[in-house]
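These numbers come from a predicted model, not from an experiment.
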Amino acid sequence: MLQACLGKTEISISLQTESKFLARQRAAALYARTGEVFHKARTMQGRFSGKELTSLLTFQSPVTLEPEVMAQEAEAPKRKTVKPREKLTRKVVRKPRSTKKKPPTLMLSDALEQLVLSNPKASTDTKEATQRTVALYIRAFGDTPVCDIGGSQAGAFRDLLLALPATLGKGKSNLTLQQEAQRAKSDDLPTLSNKSVKNHMLRLSALWNQLVQRELVAKNPWSGWHFESAPKTVRRSWTPQELALLASASWHSSLVSEPTFRLVTLIAAYTGMRLGEICTLRKEDLQTIEDVPCFLVRPHAEDGWSPKTEAGTRVIPLHSKLIEAGIMALKDNAEGHYLIPGLNGSKQKDRGATLSRAFSQLKTRLGLPAEITFHSFRHTVSTLLRNATTDIREIWIDRLLGHEATHKSQGTTTYLTGITIANLRQTVEAISYPETAFKKGTV
């Protein structure tokens, strides 16, 4: 309709401004009025009078703005214009970087090596025990960064240890620790004692205390765990009947010979020495002092062994029963430099470990009570000497057994070092057993 009236297909109208701001305002107003024209054209359906057509064509007039728009137009030139190549930038305020360095990642195996195994002040026992504990953890959960080990991991290890069989490590096994725990449960096997598990946790706690001090970890997840204390078994002396039962029992171990077992028990019974002290005796530790054959219990720096206490370094005269059994001939045996033969089959550093396990198995087979252990020989010697009718001073007994003096004074300490071999020999000879206590034999 409009095309016919106007004779045009398009209409161009100048906005009459060079301002982009004003041009946008006028274009918007013009667009609104154009819509109004098209609406009126449809309503009138092509019936236009001259006046009406003029009214319709007024949209060709320049578009004017309202007063407030004109004010904005006047204000526009005052605004800062942005040059074509000028870029607007936003200032970014960055937080200062922390100057505190993150601790380096330290694996558990590396922590063991650096803080325990390489520590010259750590004892051999501490190093070996901690190494066994860490090996158990790595076997169960892998070698882990110490910073990733927290309370949940410590608790999981504790629970696993409590479920492991008590015989763990005493034979070859290709099972994982988790499988060992399952086997112990399914076969109803005795498990590790609370004391053993507590010792494992304490070793890791000691290692973590060093890590905390060095700020390699934030806290120690191994401390504060509680364990139920089992009733403590009080060791006691052998009775004559129990010694007779032991003497008549058959020996079944294939790792330690019966003569070696009988020899070690005989020495323990007539000296009160600990099992470890007996098994680590060397040929040079059997000497004659003041015409009296004696054992020398003393440290051996070459393999890191030393007596349990300072008082444990001592001289022990040989009982006449040991001399009759041929102990002196042990210096001529061809098996290495140790005095006691037949103990080199142990894979552990402790030469008495294999014998100790074999003795425990024999004791269980004989039905002997828990109060009786190999250490009971030491209790027996102490009891026999303190009940002896011979005039034996208690301080001599302490010196013979390697006990700390009952009354610690300067005089007592000085006197301990001056006890004569004759007095010690008199003390030893007061030890006496029934004829049925031990099998008769010679070395």
Does the [X] side chain pair with the main chain of [Y], one donor and one acceptor, at a distance under 3.5 Å?
X      : Y      : value
Arg351 : Cys279 : yes
Arg314 : Gly312 : yes
Lys321 : Tyr270 : no
Thr191 : Ala163 : no
Ser382 : Arg378 : no
Arg386 : Ile397 : no

Note, [X] side chain near [Y] side chain (heavy atom, < 4.5 Å):
X      : Y      : value
Trp396 : Leu385 : no
Gln287 : Cys294 : no
Leu164 : Leu160 : yes
Trp222 : Asn209 : no

With side chain to side chain contact (heavy atoms under 4.5 Å, CB included) as the test, pick out the partner of Leu296 among Ile289, Ile316, Thr313. Ile289
Nearest atoms (heavy-atom pairs only) where Val146 meets Leu108: CG1-CA, 3.9 Å
Name the orientation class of the two ring planes belonging to Phe377 and Phe359 (parallel below 30°, tilted from 30 to 60°, perpendicular beyond 60°). tilted
With rounding to the nearest 0.5 Å, note down the distance linking CG in Asp148 to CG in Leu106. 11.5 Å
If you round to the nearest 0.5 Å, how far is OH of Tyr137 from NE2 of His200? 14.5 Å
Is there a salt bridge (charged side-chain N to carboxylate O under 4.0 Å, His left out) between Arg282 and Glu302? Walk through the geometry before answering. CA-CA 12 Å; Arg282 299 173 182 248; Glu302 58 271 25; 3.2 Å; yes
Glu242 with Arg236: basic N within carboxylate O range, under 4.0 Å: yes
Partners of Trp225 by ring pair (Phe, Tyr, Trp, His ring centres under 6.0 Å), sequence neighbours excluded? none
